[in-house]
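Okay, so here's the structure we're looking at.
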Amino acid sequence: MTACIIGWAHTPFGKHTDETVESLVTRVAREAIAHAGLEASEIDEIYLGHFNAGFSAQDFTASLVLQADDDFRFKPATRVENACATGSAAVHQGIKAIRAGAARRVLIVGVEQMTTTPGPEIGANLLKASYLPEDGDTPAGFAGVFGKIADGYFQKYGDQSDGLAAIAAKNHKNGVDNPYAQMRKDLGYDFCRAESEKNPYVAGPLKRTDCSLVSDGAAAIVLADVTTAMQAPRAIMFRAAEHVQDFLPMSKRDILAFEGCAEGWKRAFANSRTSLDDLSFVETHDCFTIAELIEYEAMGLAKPGQGGALAMSGETQKGGRLPVNPSGGLKAKGHPIGATGVSMHALTAMQLAGEAGGIQVPGATLGGIFNMGGAAVANYVSILERIR
């Protein structure tokens with residue numbers, strides 16, 4: 001038995017200093033239930049994706065979802081965490097509950113509030129998603145981790161600064177039309193390519209425009225089994241939902257290959273009986289532009305060392321062979337850790353339902369998602385298709 005998305009909700013990502021984790025959670029929970037045409041009493045189980053790691057003083061947050069409606073009382077509610085893939089981890093737990101026959105309708109919420117935390121603490125909190133014995137003293141925090149990855153890639157394949165700038169420019173251009181995006185500004189290729197006072201180097205060859213945004217926000221989806229979903233206003237079915245966990249220490253892996261990402265896509269295509277050529281678009285995890293570049297290669301869109309050339313070719317633009325991150329990605333949309341994976345699923349469902357507004361990919365029928373935690377440690381791949 002597979003699962004379908006039948007409703008969703010999404011806050012704008014950005015600075016929400018007038019809100020709390022609780023207010024963000026309850027807002028999207030109510031809106032997603034309403035969008036699915038349901039009452040809170042009809043939900044069988046709840047999963048909350050919330051990384052936290054020190055961002056919120058309030059921990060033990062699963063029960064905050066119950067604040068949205070008294071009819072959630074006594075429903076099973078569980079918080080899950082898997083670094084930057086926390087949102088997708090929550091989605092996958094909901095899918096498993098439906099596949100097991102333990103639930104017919106599941107509410108998934110993802111949330112993070114990051115901007116109320118002082119800058120140095122933000123870096124320290126995020127670095128907890130690395131292997132501290134090896135990376136705990138990395139300058140510039142998690143950006144430093146990906147700066148080292150970029151350095152290694154440049155040493156092996158040559159300077160890829162043009163390709164990284166093309167990815168950043170593409171995603172910022174796409175984000176202009178996304179009402180949920182934190183930065184709705186077309187920065188242009190030249191600005192992203194050049195070092196400047198407004199675009200300084202942050203870590204290794206990575207500039208500010210190569211790094212995703214610290215953000216607050218929440219997203220929610222409602223899952224249902226296929227039989228139940230066919231009675232809903234819309235039904236976006238999971239053709240595949242794969243989770244591949246890799247070693248935490250980068251020293252135990254070929255970090256330039258993102259092997260967990262590659263394995264996740266391989267399993268997703270095999271189990272859904274689809275291929276890369278069948279996809280209408282992909283939402284992929286561009287926490288840093290070097291990540292999106294390597295993900296092109298891991299998913300099979302480019303050969304090793306050719307991700308930058310692919311970015312420059314225009315094939316991943318909105319009108320290209322395979323649009324990548326038509327939402328603007330984490331780069332423009334923002335990256336509230338626990339919300340990101342749920343957001344990716346909500347935005348993909350919007351595309352397939354034809355409800356994506358200005359970021360709509362015309363005629364989209366099959367959408368791919370890749371969300372990762374850490375440096376390609378927790379790897380989640382979904383393939384979605386509309387059936388109603």
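Model, not experiment: these values are computed from the prediction. Note: hydrogens, waters and symmetry copies are ignored here, and every other heavy atom, side chains too, is used. Note that the numbering runs from 1 along the sequence shown for the chain.
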*Could you tell me how the ring of H243 sits relative to the ring of Y380: parallel (under 30°), tilted (30 to 60°) or perpendicular (over 60°)?*
parallel
Shortest non-hydrogen pair, T86 vs V80, comes out as CG2-O, 3.3 Å
Exercise for the section: Say whether S215 and E112, considering side chains only, have a donor N or O and an acceptor N or O under 3.5 Å apart. Expected result: no
With the side chain counted from C-beta on, respond yes when N52 and R79 share a heavy-atom pair under 4.5 Å apart, and no when they do not. yes
Here the salt bridge (Lys or Arg N to Asp or Glu O under 4.0 Å) pairs for residues 234-250, sequence neighbours left out, are R234-E355, R239-E385
Quiz: residues 4-15 side-chain donor-acceptor pairs under 3.5 angstrom, not counting sequence neighbours:
unit_1: H10; atom_1: NE2; unit_2: S343; atom_2: OG; d: 2.7
unit_1: T11; atom_1: OG1; unit_2: A218; atom_2: N; d: 3.0
unit_1: T11; atom_1: OG1; unit_2: A218; atom_2: O; d: 3.3

Practice task
Assess the side chains of Q58 and E22: does a donor N or O sit below 3.5 Å from an acceptor N or O?
Solution key: no
Residues at least two apart in sequence or cross-chain that pass ring pair (Phe, Tyr, Trp, His ring centres under 6.0 Å) with F191, listed by chain then number, are none
Name the atoms and distances for all side-chain donor-acceptor pairs under 3.5 Å in residues 37-44, with sequence neighbours left out.
unit_1: E42; atom_1: OE1; unit_2: E39; atom_2: N; d: 2.8
unit_1: D44; atom_1: OD2; unit_2: R104; atom_2: N; d: 2.8
unit_1: D44; atom_1: OD2; unit_2: R105; atom_2: N; d: 3.0

- Query: Just checking, any donor-acceptor pair under 3.5 angstrom between side chains of E45 and Y47?
  - Reply: yes
Residues pairing under ring-ring contact (aromatic ring centres under 6.0 Å, His included) where one sits in residues 321-345, two or more places apart or in two chains, turn out to be F238-H345, H285-H335
H16 meets the ring pair (Phe, Tyr, Trp, His ring centres under 6.0 Å) criterion, sequence neighbours left out, with none
